[in-house]
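What follows is a short report on a single structure.
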Amino acid sequence: MQQLYSTSMEILEILAEELNINKEWFLQQHVIDERPNYTTLRLLHYPSVPEDMPTGTERCGDHTDYGTITLLFQDEVGGLEVMNRAGEFVFVEPIKHAILLNTGDLLERWSGGINKATRHRVRAPADPKLRKQIRQSIAYFVHPLHRTIVEPLAGEKDLYSSVNAGDFVADIFARTY
Ligand SMILES: O=C(O)CCC(=O)C(=O)O
Ligand SMILES: [Fe+2]
């Protein structure tokens, strides 16, 4: 957990630099020991694909993550797809030991739309060998403190209102679950 946290903070520092905002800003809003916050490590388990499930069936529906960033680890079964700028879903080839970085809704707001939240989904594979395997993935969802006020610090500042991070995410949870 500590390693995941430090890696994500290194990424946030780089993102802050890219956005030309104070390097410390994101770090101050993601203090690990301060609660409450929605930062979570989730281990996901997808059973083998039932025979009658058509290839391409969504096993995890098209969505964006809600927080700042997500570090995603997938196994060799694959099935993850991310949307490119042209609005097409692109298959993400699993790469051993690679970490996929997804940008979330709150980062999109903070960056005034520069770092658009990544739309992604998981679909059932076609390969019969892969369909028989269990799929596992690990997602480390990085969220700011509940009390953080997220407002655009770069990009198109007029496009996004300022929101309280805790309320913003609680509201999405209430609508999706
Ligand atoms: O299982 C995956 O690879 C993706 C899971 C995911 O997108 C999520 O839990 O938000
Ligand atoms: Fe996701």
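Note that ligands are numbered from 1 as they come in the structure, with each ligand's atoms numbered from 1 the same way. Owing to the predicted nature of the structure, the values given are computational and were not obtained by experimental measurement.
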### Distance-only polar pair, side chains of Thr55 and Arg123, donor-acceptor under 3.5 Å
no
### Query
What do the steps show when you test His120 against Asp65 for side chain to side chain contact (heavy atoms under 4.5 Å, CB included), and what is the final call?
CA-CA 9 Å; His120 54 285; Asp65 293 344; 3.2 Å; yes
### Task
With rounding to the nearest 0.5 Å, note down the distance linking CG in Leu44 to CG in Leu72.
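Going from CG on Leu44 over to CG on Leu72, the span is 8.0 Å.
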Table of N or O contacts for ligand 1, cutoff 3.5 Å:
unit_1   : atom_1 : unit_2 : atom_2 : d
ligand 1 : 1 (O)  : Tyr46  : OH     : 2.5
ligand 1 : 1 (O)  : Arg135 : NH1    : 3.0
ligand 1 : 1 (O)  : Ser137 : OG     : 2.7
ligand 1 : 3 (O)  : Arg135 : NH1    : 3.3
ligand 1 : 3 (O)  : Arg135 : NH2    : 2.9
ligand 1 : 7 (O)  : His63  : NE2    : 3.2
ligand 1 : 7 (O)  : His120 : NE2    : 2.9
ligand 1 : 10 (O) : His63  : NE2    : 3.0
ligand 1 : 10 (O) : Asp65  : OD1    : 3.2

#### Entry: Environment of the Fe ion (ligand 2) in terms of protein N/O/S atoms, cut-off under 2.8 Å
His63 NE2, Asp65 OD1, His120 NE2
### Query
How would you list, by chain and number, every residue that makes a ring pair (Phe, Tyr, Trp, His ring centres under 6.0 Å) with Tyr160, sequence neighbours excluded?
none
### Message
Using side chain to side chain contact (heavy atoms under 4.5 Å, CB included), reason through His45 and Ile134 one step at a time and then give a plain yes or no.
### Response
CA-CA 7 Å; His45 177 99; Ile134 292 166; 3.3 Å; yes
### Task
Give the ring-plane orientation class for His146 versus Tyr38, where under 30° counts as parallel, over 60° as perpendicular and anything between as tilted.
tilted
### Message
Between Leu80 and Arg135, is the side chain to side chain contact (heavy atoms under 4.5 Å, CB included) condition met? List the steps.
### Response
CA-CA 11 Å; Leu80 181 70; Arg135 177 177 189 274; 3.9 Å; yes
### Query
Above 12 or not: heavy atoms from other molecules or residues under 6.0 Å from CD of Glu18?
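Count not over threshold, so no.
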Name each donor-acceptor pair under 3.5 Å that joins a side chain in residues 23-33 to protein atoms two or more places apart or in another chain, with its distance.
unit_1 : atom_1 : unit_2 : atom_2 : d
Gln29  : OE1    : Thr148 : OG1    : 3.1
His30  : ND1    : Phe26  : O      : 2.6
His30  : NE2    : Thr68  : OG1    : 2.9

